[in-house]
Amino acid sequence: MQTCVEPSPPAGMAGWCRELEQIIGQRRLQPVFQPIVDLEAGSILGYEGLIRGPSDSTLHSPMMLFEAAERCQMLLSLDLACLRACAERFAELDLPGLLFVNINPETLLAEESRPGALQSFLARIGLDPKRVILELTETRPNGGYLAMREVTTRHRGDGLRIALDDLGEGFSNLRLWSELRPDFVKLDKHFVQNIHLDPLKEQFVRSMADIARQSGALLVAEGIESAAELRTLCRLGVRYGQGYLLARPQAAPPREIPLQAAALPWFGGRRHGLRNQPLARDLLLEVEPLEAGVPNETAYRRFADDPACFAIPVVQDGVPVGLLRRHHLLESFAKPFNRELYGKKPCQLMMDKQPLVVSADLTVHELSSLVVAAEQRYLVDGFIIAENGRYLGMGTGFALMRKITELQLSAARYANPLTGLPGNVPINETIDRLLEMRTPFVVVYADLDHFKPFNDLYGYAAGDALIELVAHLLLECVDQERDFVGHVGGDDFVALMQSEDWECRLRRMLEQFGELAAQHFSDAHRAAGGFEVASRNGEPVFLPLTTLSLGVVRVRAGQYLSHHEIGAATAEAKKQAKKLSGNSLFVERRQPGASSCCACGR
């Protein structure tokens with residue numbers, strides 16, 4: 001068994017410190033850059049600047065480098081040197097997009113990194129501060145939240161933006177998110193690793209994505225290493241990501257995403273893939289925003305001149321920071337001397353500093369859930385619609401409710417009257433949408449065996465009850481977040497499943513159907529294992545108890561072109577399932593290999 005021994009500092013601690021001083025003084029730090037990818041568009045948003053020591057040094061690894069800095073009490077010097085090295089190299093390479101550079105909060109509070117000094121340095125190397133994101137790597141500021149909020153506000157005034165790193169790890173906490181209102185939040189890799197296998201991690205990330213949307217922050221997932229993790233993150237609404245699956249840190253990183261674009265779950269545009277579902281951008285009203293420093297008098301005149309103007313967004317360099325509400329400002333100015341006191345002061349003093357900011361690509365169903373869960377004022381005063389964190393327009397509660405009503409009427413129009421499940425039109429639209437998204441899924445065609453004789457023998461009410469049982473079990477069987485259940489008509493159903501454990505779910509459903517369906521027969525028929533009915537020629541024929549057949553087709557990207565082709569394939573799979581005895585599951589695997597089946601006992 002090999003024992004791991006911590007490398008010893010050269011010639012004792014003093015030698016280690018001398019080496020670190022030389023590395024910093026001689027500018028021998030080696031920056032590398034890892035792309036941060038827009039998972040929706042398949043493009044690079046920016047790069048995180050990471051640091052390495054000299055390749056021939058015992059301090060080559062970041063862990064050893066920063067451990068030495070801590071022991072030698074040189075963390076501040078090393079932190080500033082890393083920031084400068086990453087920014088200089090980023091500018092030299094002329095890389096596109098944003099630069100995310102790590103910095104400790106204590107460094108940010110130090111005099112050496114005061115806003116003016118950092119801005120002067122960036123101007124000297126020709127790097128626009130608006131392209132630099134200060135990524136806080138340790139989120140328990142010893143100087144306190146107030147000091148941290150003040151210094152980040154000053155940096156933002158110079159054009160820089162703020163990110164919180166490793167949310168959910170170490171001292172990271174939601175209070176700092178609330179205090180600093182960062183522009184970006186980076187999700188720790190712990191919550192990304194095997195997220196597709198852990199429902200609790202999924203719930204955590206879903207909650208973080210919701211908070212990010214409401215706070216106007218952009219969520220970045222770190223440590224993406226598998227396609228399954230990537231698919232799950234996209235489904236949960238995470239827009240940006242980085243990790244070895246996408247690209248490794250490199251001294252000269254790529255300018256385009258090295259991963260094949262067609263392999264991205266949402267390639268072609270998440271918006272295009274979900275186009276049949278109305279989005280927040282469909283509710284967009286163009287309302288001219290005001291900059292945060294514009295006087296209140298300007299807003300007052302706009303409200304006075306335009307009775308239809310219900311709110312005015314407030315932005316800072318294009319990023320929404322607040323909302324001026326009509327009734328609040330007019331009521332305030334109606335009070336004696338208030339207009340004289342506040343008219344010339346910046347509108348940021350009277351704005352609502354916590355408006356509801358939503359992504360333009362949020363579906364109206366998701367948006368409706370956010371608005372209902374939030375305060376009532378968001379429904380009355382409206383919400384801000386943003387794209388990539390930048391102001392796009394406004395939306396109103398009235399427009400949202402009208403769109404939701406339209407969707408409900410449309411759903412009712414195509415729903416099956418017995419089960420209330422979506423009918424043929426929504427089924428076909430959903431299949432085509434999944435095909436456009438190029439995401440793998442399975443199509444399940446469910447059909448009752450010997451249903452007509454059962455219906456004739458027991459009556460239509462009993463037949464309806466059996467159909468409703470199938471609908472109930474299918475809905476219980478699927479993952480409500482990922483899967484879709486539709487009612488073709490009669491005793492035929494379709495389920496579209498993206499759950500990795502779809503086969504286990506279907507087997508479990510067949511077992512439940514076998515137990516519950518038996519209760520719909522008389523004791524005599526249960527004891528006999530079937531019932532006798534007259535055939536077409538009048539002769540008696542014995543039929544087994546009604547069972548359920550499931551024909552399954554697995555769909556891969558590019559395998560089928562439309563719902564018509566999938567309909568033909570699932571119809572054939574259903575025929576094969578019905579040839580089997582009992583409650584049966586037949587899975588057709590066209591690419592590659594032969595078909596397979598299993599018969600599940602009643």
Side-chain angles (χ1 to χ4, degrees), residues 130 149 153-154 156-157 159 161 178 181 183 213-217 278-360 362 364 367-368 370-406:
K130 293 179 181 178
R149 187 167 63 242
T153 299
R154 293 201 302 272
R156 278 175 163 152
R161 284 182 279 176
S178 174
R181 299 300 171 95
D183 305 281
R213 278 192 291 266
Q214 294 190 53
S215 67
L279 308 175
R281 68 173 62 251
D282 296 325
L283 309 176
L284 194 71
L285 288 175
E286 294 185 3
V287 180
E288 185 69 26
L290 291 177
E291 286 290 333
V294 171
N296 286 311
E297 181 67 25
T298 303
Y300 173 78
R301 291 187 179 279
R302 277 185 57 179
F303 283 132
D305 294 341
D306 184 4
C309 183
F310 60 96
I312 302 174
V314 181
V315 301
Q316 192 162 11
D317 296 326
V319 178
V321 294
L323 189 68
L324 289 165
R325 294 178 285 147
R326 178 186 183 87
H327 57 87
H328 175 261
L329 190 140
L330 294 184
E331 286 178 7
S332 177
F333 271 33
K335 295 178 181 178
F337 309 115
N338 267 18
R339 186 172 178 182
E340 290 77 10
L341 286 171
Y342 297 107
K344 295 182 180 180
K345 292 185 177 180
C347 62
Q348 62 185 1
L349 294 177
M350 297 194 70
M351 71 182 184
D352 177 357
K353 296 180 177 62
Q354 294 183 330
L356 180 60
V357 181
V358 302
S359 168
L362 200 67
V364 294
L367 175 58
S368 176
L370 283 180
V371 172
V372 170
E375 298 178 32
Q376 184 178 353
R377 60 193 172 98
Y378 297 134
L379 193 61
V380 176
D381 299 323
F383 44 88
I384 294 174
I385 300 174
E387 187 168 47
N388 297 331
R390 314 282 296 177
Y391 174 74
L392 201 62
M394 287 282 298
T396 67
F398 174 76
L400 174 62
M401 293 301 103
R402 183 173 59 188
K403 181 61 70 175
I404 289 292
T405 302
E406 290 175 2

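Worth knowing before you read on, the calculation uses all heavy atoms, side chains too, and leaves out hydrogens, waters and symmetry mates. None of the values given here were measured: they were computed from a predicted structure.
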Rounded to the nearest 0.5 Å, the CE atom of Met394 sits from the CG atom of Leu285 at a distance of 8.0 Å
Closest non-hydrogen atom pair, Ser368 against Ile404: CB-CD1, 3.9 Å
May I have all residue pairs that pass side chain to side chain donor-acceptor pair (under 3.5 Å) and include part of residues 393-404, sequence neighbours excluded? Lys403-Glu406
Can you list everything that forms a side chain to side chain donor-acceptor pair (under 3.5 Å) with Asn388? Sequence neighbours excluded, please. Arg239, Tyr240
For Pro295, the side-chain contact (heavy atoms from CB on, under 4.5 Å) test, sequence neighbours excluded, returns Thr298
Apply side chain to side chain donor-acceptor pair (under 3.5 Å) to Arg339 and list each qualifying residue two or more places apart in sequence or on a separate chain. Glu297
Here the pair of heavy atoms bringing Pro346 nearest to Ala292 is CB-O, 3.5 Å
Residue set satisfying side chain to side chain donor-acceptor pair (under 3.5 Å) with Thr153, at least two apart, ordered chain then number -> none
Is the backbone of Met401 close enough, under 3.5 Å, to the side chain of Thr405 for a donor and an acceptor to pair up by distance? yes
Could you grab the distance from atom CG of Leu284 to atom CD1 of Ile385, nearest 0.5 Å is fine? 5.0 Å
Kindly indicate whether the side chain of Met350, heavy atoms from C-beta on, has any atom under 4.5 Å from the side chain of Phe333. yes
Taking side chain to side chain donor-acceptor pair (under 3.5 Å) as the definition, give me every residue that meets it alongside Arg156, ordered by chain and number, with sequence neighbours left out. Asp183
Checking Arg149 now: which residues fulfil salt bridge (Lys or Arg N to Asp or Glu O under 4.0 Å) with it, not counting sequence neighbours? Glu179
Rounded to the nearest 0.5 angstrom, the CG-CG distance for Asn296 and Leu341 is 11.5 Å
Lys/Arg N to Asp/Glu carboxylate O, Arg302 vs Glu288, below 4.0 Å: no
Heavy-atom nearest pair, Ala299 first then Leu329, reads CB-CD1, 4.0 Å
What are the two closest non-hydrogen atoms of Ala280 and Ser359, and how far apart are they? CB-O, 3.5 Å
Show me the donor-acceptor pairs within less than 3.5 Å that the side chains of residues 308-326 make with the rest of the protein, sequence neighbours left out.
unit_1	atom_1	unit_2	atom_2	d
Arg326	NH1	Phe303	O	3.0
Arg326	NH1	Asp306	O	3.0
Arg326	NH1	Cys309	O	2.9
Arg326	NH2	Phe303	O	3.2

Applied to residues 346-355, the salt bridge (charged side-chain N to carboxylate O under 4.0 Å, His left out) test, sequence neighbours excluded, yields Asp352-Arg377
Which residues pass the ring-ring contact (aromatic ring centres under 6.0 Å, His included) test with Tyr342, not counting sequence neighbours? none
Glu286, CD atom: more than 12 neighbouring heavy atoms under 6.0 Å: no
For Tyr391, all residues meeting ring-ring contact (aromatic ring centres under 6.0 Å, His included), sequence neighbours excluded: none
